[in-house]
Amino acid sequence: MSELVPKPVPVPSAVALPYWEGLQRGEFCVQRCAACGTLRHYPRLLCRECFSDAVDWQAISGEGHIHSYTVAHYAYHPGFAAELPYTLVTIELTVGLRALGRWLGAEVPQIGAPVRMVLVPGEPYPTLSFAPA
Amino acid sequence: MSIADKACVTGIGETAYVRGSPKSALELQMAAARRAAEDAGISPHDIDGVIPIGVVSGIAEDFIDNFGITDLRFSALIPHGGASPTMALQSATALVAAGICNHVLIAFGRNVSAAASKAGARIHQMPQFHYVTEFEYPLGNCAPAQIYAPMAMRHMQLYGTTVEHFGEVAVACREHALLNDNAIMKKPITLEDHRNSRLIAEPFRLLDCSLESDGGAAVIVSAAERAKDLRHRRVFISGVAVGHPDSPAAITQRPDMTSLGLGKAAPRAFRMAGVTPADIQVAEIYDCFTYAVIRQLEDMGFCAKGEGGPFVADGRLRLGGALPTNTHGGLLSQAHIWGLNHIVELVRQLRGHGGRAQVPGAELGLVTGYGDLGDGAIAIMRRE
């Protein structure tokens, strides 16, 4: 079934633009504090450890394990109606951060199960997704 | 200086709660505010502090203009969604305790049941949801049911909380709504009805979710000394506190995603009031979802973390149970008025005006607020 209403498109904030540009290159990039090295996500202005605003962006592997999930059975935006039911997984990344993504596994997610990242092609940005490792 | 017992809720007001009100949010807010002043026995002229709830209805200037207030000494907005009304009790208590104001109005009105403004679209206009809007909405994480569901799922998996535990909360609220003429939901439900209701965002079913409704509610908070001369028996604010979760704008990034701001606030409020959870006779707990009630009971210390499910089993939250909760029907079955309706109901109970839902002899109770992605507030009240 074709989607009559388009899904909401990401509107990158200035502070997060390198994250979105990274996705377009096929990378999951997070902020790394240039002063103390602490990683952070979602992108924000300051390092909460040392308050520096200096940032290097670092590509991470996207490996981790399942922290929690939900299965959506109701479309709160008509753009998702054709995809119901779909599963959203919260991932505890190996680098100590979290990510939300779409679940590509055939089975119901199991909390604690290892996963790998998959960037599903899409316009204008790929969809951050995860599959069983 | 402690602000315990320095303030009283002296006036309460509500409009009819409906779906599809022809009245604007501002009209509903003003109507509720007028009723609260009348209930307190003050003139709207006497209001000298205003905390409008939300940012879609009236602002302080509207109250000055419409009520002819000539000496407004304080106004502020508290932008924390459903935690805002109870957070506003904290501000109002501090204001009257410090002698800055005598009568602070807290008023809310909403008209959201029109299709164009459903929750899934509405929240993305709110700045506190900016992470969700940028990083999660495009993936299909659109509305509170979906955003909160992973918290509940993890709670079930870690602690063994069950669908029946969620159902207990839904059934208790519905039973109480049936005793309330101003409740939207009119039909009884069973645990089986709850389990059979359609899935929305697992583990949430339709009957785990609160209503979309229209209406206005308001309270007047007055200095305890001033309250002596007003119409009703005094209801004191004995303990009140606010707390924010870590990673307040993204549940995804929260170190413990089952934690809430209330866990930080509740011990402060109980200490201030000098009471313990065992002393509480009636509770009005913010019930955006059934799970939220279970989790807040844990955070307030009614039971240990993870034991909220078994705690609510066997009708404990129903009238006649050990902790009658949401005696008006709550957001789940009365109406979703951001929990200002919970404050109104607690005051009604402590005055002994609870009607068919009155908890016999209720002298001490509490109300909680829960906003946005887990901001929390609590007020413990006792009657004179």
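To find a chain, count down the sequence lines: A is the first, B the second, and so on, and within it residues start at 1.
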request  = Could you walk me through whether His41(A) and Gln253(B) pass side chain to side chain contact (heavy atoms under 4.5 Å, CB included), step by step?
outcome  = CA-CA 8 Å; His41(A) 194 59; Gln253(B) 299 296 333; 3.6 Å; yes
task = Could you walk me through whether Arg44(A) and Tyr131(B) pass side chain to side chain contact (heavy atoms under 4.5 Å, CB included), step by step?
result = CA-CA 10 Å; Arg44(A) 65 186 74 103; Tyr131(B) 283 140; 3.4 Å; yes
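Residue Glu136(B) touches chain A through both its backbone and its side chain, counting heavy-atom pairs closer than 4.5 Å. Both the backbone and the side chain of Ser13(A) come within less than 4.5 Å of a heavy atom in chain B. With a threshold of 4.5 angstrom between heavy atoms, Ala75(A) does not approach chain B through any atom at all. Proximity to chain B (any heavy atom under 4.5 Å) is shown, for Arg48(A), by neither the backbone nor the side chain. With a threshold of 4.5 angstrom between heavy atoms, Val11(A) approaches chain B through N, CA, C or O but not through any side-chain atom. Of the atoms belonging to Pro85(A), not a single heavy atom falls under 4.5 Å from chain B. With a 4.5 Å cut-off on non-hydrogen atoms, Leu206(B) does not touch chain A at all.
Asn141(B) has its side chain within reach of Leu100(A): a pair of non-hydrogen atoms, C-beta onward, lies under 4.5 Å apart. Looking at heavy atoms from C-beta onward, Tyr69(A) lies out of side-chain contact with Pro150(B) at the 4.5 angstrom threshold. Looking at heavy atoms from C-beta onward, Ile200(B) lies in side-chain contact with Tyr76(A) at the 4.5 angstrom threshold.
Between the CD atom in Glu92(A) and the CE atom in Met257(B) there is a gap of 9.0 Å [rounded to 0.5 Å].
The closest donor-acceptor contact from the side chain of Tyr86(A) to the backbone of Gly140(B) lies under 3.5 Å. Thr70(A) places a side-chain N or O within donor-acceptor distance of the main-chain N or O of Glu202(B), the cut-off being under 3.5 Å. Arg154(B) places no side-chain N or O within 3.5 Å of a backbone atom of Ser68(A) that could act as its donor or acceptor partner.
In plain terms, the two heavy atoms of His77(A) and Tyr137(B) that are nearest each other are CD2-OH, 3.2 Å. Listed here is the closest heavy atom pair of Arg98(A) and Ile251(B): NH1-O, 4.2 Å. Between Leu199(B) and His73(A) the shortest heavy-atom distance is O-CB, 3.3 Å. Across Leu88(A) and Leu139(B), no two heavy atoms sit closer than the pair CD2-O, 3.5 Å.
With Glu134(B) as the partner, the side-chain hydrogen bond (donor to acceptor under 3.5 Å, both in side chains) test is satisfied by one option alone out of Trp20(A), Tyr19(A), Tyr42(A): Trp20(A).
No more than 12 heavy atoms of other residues, nucleotides or ligands lie within 6.0 Å of CD in Glu192(B), so this atom counts as exposed by the packing criterion.
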